[in-house]
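What follows is a single structure, written as structure tokens, with notes after it.
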Amino acid sequence: MNKHFSKGLAVLALSLSIAGCQRPWAASPTLGTTDVPVDKTLSADPQLEAQIAPYRKEVTLKMSEVVGKAPAALGKGDYESPLGNFVVDLQLAQAEPIYGKPIDLSLTTNGGLRVPLPEGNITTGNVFELMPFENELVVLTLKGETVQQLFDYAAEKKFAPIGNATYTVQNGKATDIRIKGKPFDANQTYTLVTSDYLAGGGDNLHMLKEAMQTERLGLLLRDVILLQIRQLTAAGKPVTADTTQRVTVLP
Amino acid sequence: MRRRDFLKTTAVGAAGISLMGVPFSAEAAQSINLTILHTNDQHSRIDPFPDDGRKYGGMGGMARRATLIEQIRKEEPNVLLFDCGDIWQGTPYFNFFGGELEYKLMSQMKYDAATLGNHDFDNGLEGLEKMLPHARFPFLSANYDFSKTILQNRFAPYKVFQKQGVRIGVFGLGIELEGLVGKKQYGETAYLDPVATAREMVQELRQNQKCNMVVCLSHLGYKYEDGKVSDVTLAQAVEGIDLILGGHTHTFLDAPELVRHASGHETLVNQVGWSGIFLGRLDFTFSKKTMQKTSLKTALLPISRPVTAS
């Protein structure tokens, strides 16, 4: 109580000193900490717990559903990787039927793929951990010069897997670019499927903001990853990535 | 655990009364206490973070927050509980149930009002409309114009709360959706300038609604390097808001930021991180006497108080 009182007096003293100045009197607030931790010392409210319980049970059940099986873990790596290839390839496979025509290129970045897919059973929860964001697939139409910049970016940064293409890294630049097996033509336009996040310049992919056209597919990236795995499983196939060499790095 | 340096101060009355030498207890009888509690960017964090060594592991949890709020309600006569948007998105609870449980639990906790964050549009206007019946609290939004959408007339710009005669006007401000949310999601929702809107709100709440205090629930974000409109720029640009409760930038503040205008009017800006790791708490004291004849600032004396002893 004593302590309370002296603190109270200190605040009053401050108020008095302010009152002495030639400005309208205002009690300046004492800006102490105003946030209260919600931590283990608090017991959970039983009523809310009861309300949450059935939802939690369903979430746990859905997250632990096994959707596929991988003979080997799909991890990330420089330039290309099992996980990177798996994702850029499935973006094409899932987007093309919706888009209604073939798409030239597919792009993701390692930063967007949060964790590897594990060896063995793959659960819905694993896919949520891999792609926790609500990123949506978009199809961009790019000028040849933008495509060149994109490949140079991939060659320099090493963390941007590209599907439907091969290239050679020389002095940090992309050369001998082939798209669907054909040599890259700087005078041509190309379509690219990627996430709305990257299309908006995420991961410093500023050149993508120069797209001539952006078309939304209304597909969440997480949903198409799940769908691809489910389709593989339904067809009796394991979850594997194409590991044909796509990027050649010259010393 | 982070050491909390709470002010061990109980209610301190308006200084004007103290000057007259009224004893401390009598002075307390002359004042009205108002406790404002707030959250922002809950991001569907129903359960506490897994206690696996990660930052804030084991913290948060809506059922625990309910206990804390209930505790405060037992101690304090006048409590207002607000949320500043992005209630949704971040855990599978949202992906599987579309935000239903978040609204139900907030209703149980008796939230008084919330404003809309960009992620509250993630399931489109249809997704928002579908969930609104689960919320027994209003969403206040003054700078989104929904008149050309299915959500027209569903959100009031402000609401006035009355506590022991103190009138508290609360309005909501949202962030520009273009670039943050897909056009498909927000549709024909039009965006109005938050600064101009806030000026209108202050005018309306102070002049017409005779409010003693004006609170803004904002999802603009705390502060930006590039000068984009934020809670801090809003506090500087608009006079007459007493308290801006914010969100979007997931900012943890050691103490609220104070912006003082040339006239002497003061605006407090606060935000409490994200995911319900902390509950924001601000205690205001109003003098019963001065409230009647002076502007709010002369009577307002905010103090922060511990929730639990020691």
Side-chain angles (χ1 to χ4, degrees), chain A residues 1 3-16 18-19 23-52 54-56 58-60 62-63 124-125 128 132-134 136 138 196 200 216 218 220 222-223, chain B residues 1-2 4-10 12 14-15 18-19 24 46-47 58-68 70 89 92-93 96-97 101 104-105 108 122 179 182 184 252 254-256 258 263-266 268 270 272-273 276-282 297-298 300-304 307:
Chain A
M1 186 60 215
K3 207 172 165 192
H4 289 181
F5 204 79
S6 62
K7 274 278 191 171
L9 285 178
V11 174
L12 288 179
L14 175 70
S15 308
L16 284 170
I18 291 167
R23 54 180 285 260
W25 184 83
S28 266
T30 312
L31 300 180
T33 307
T34 58
D35 49 358
V36 188
V38 177
D39 59 22
K40 287 176 244 180
T41 62
L42 292 160
S43 57
D45 180 281
Q47 246 185 310
L48 266 79
E49 266 302 299
Q51 202 163 0
I52 296 168
Y55 290 87
R56 186 184 289 135
E58 200 174 327
V59 165
T60 311
K62 284 187 173 172
M63 295 299 268
T124 304
F128 267 82
F133 312 116
E134 303 304 298
E136 206 183 298
V138 293
D196 54 350
R216 291 186 171 267
L220 286 181
R222 185 198 306 118
D223 288 348
Chain B
M1 212 196 94
R2 183 171 145 194
R4 316 296 301 173
D5 191 20
F6 290 114
L7 255 186
K8 298 280 189 287
T9 315
T10 50
V12 177
S18 302
L19 286 172
F24 210 71
I46 309 277
D47 292 322
M59 290 189 74
M62 288 180 81
R64 282 180 185 165
R65 193 197 311 156
T67 302
L68 178 58
E70 205 40 51
Q89 195 65 264
Y93 281 105
F96 296 150
F97 308 112
L101 185 57
K104 281 183 173 172
L105 298 177
Q108 284 272 100
D122 280 358
K184 196 180 77 188
F252 291 99
D254 288 331
L258 178 72
S263 67
H265 184 270
E266 289 169 340
L268 274 180
N270 204 32
V272 287
I277 295 163
F278 294 100
L279 176 69
R281 174 173 183 165
L282 296 138
K297 63 178 189 281
T298 63
L300 182 70
L301 217 158
I303 42 171
S304 60
V307 167

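In what follows, chains are A, B, ... by sequence order, proteins preceding strands, each numbered from 1. This is a predicted model, so every value here is computed, not measured.
In this structure, OH in B:Tyr93 is found 6.5 Å from CD1 in A:Ile52, a value given to the nearest 0.5 Å. Atom CD in A:Glu49 sits 7.0 Å away from atom CG in B:Asp47 (nearest 0.5 Å). With values rounded to the nearest 0.5 angstrom, A:Asp39 atom CG is found 7.0 Å from B:Arg64 atom CZ. Annotation: the span from A:Asp35 atom CG to B:Ile277 atom CD1 amounts to 10.5 Å, rounded to 0.5 Å.
Heavy atoms closer than 4.5 Å to chain B are found in the side chain of A:Phe128, but not in its backbone. For B:Leu279, the parts sitting under 4.5 Å from any heavy atom of chain A are the backbone and the side chain alike. Contact of A:Arg56 with chain B is made through backbone and side chain together, with heavy-atom distances under 4.5 Å. The part of B:Gln89 that comes within reach of chain A is its side chain, from C-beta onward, which places non-hydrogen atoms under 4.5 angstrom from that chain.
Between A:Met63 and B:Pro92, the closest heavy-atom pair is CE-CG, 3.3 Å. For the pair B:Leu68 and A:Pro37, the tightest heavy-atom approach, listed with the atom from each and the gap, is CD2-O, 4.3 Å.
Listed by chain and residue number, A:Asp45, A:Leu48, B:Met109 satisfy the side chain to side chain contact (heavy atoms under 4.5 Å, CB included) test with B:Ala66 (two or more places apart in sequence, or in another chain). When the side chain to side chain contact (heavy atoms under 4.5 Å, CB included) test is applied to A:Asp196, the partners found at least two apart in sequence or on another chain are A:Asn135, A:Glu136, A:Val138, A:Arg216.
When each of B:Gly58, B:Gly60, B:Gly280 is checked for heavy-atom pairs under 4.5 Å with chain A, B:Gly60 comes out on top.
Proximity of a side-chain donor or acceptor of B:Thr67 to a complementary backbone N or O of A:Ser43 within less than 3.5 Å is detected.
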For the pair A:Lys62 and B:Phe96, evaluate side chain to side chain contact (heavy atoms under 4.5 Å, CB included) and give the outcome as yes or no after the intermediate values.
CA-CA 9 Å; A:Lys62 284 187 173 172; B:Phe96 296 150; 3.6 Å; yes
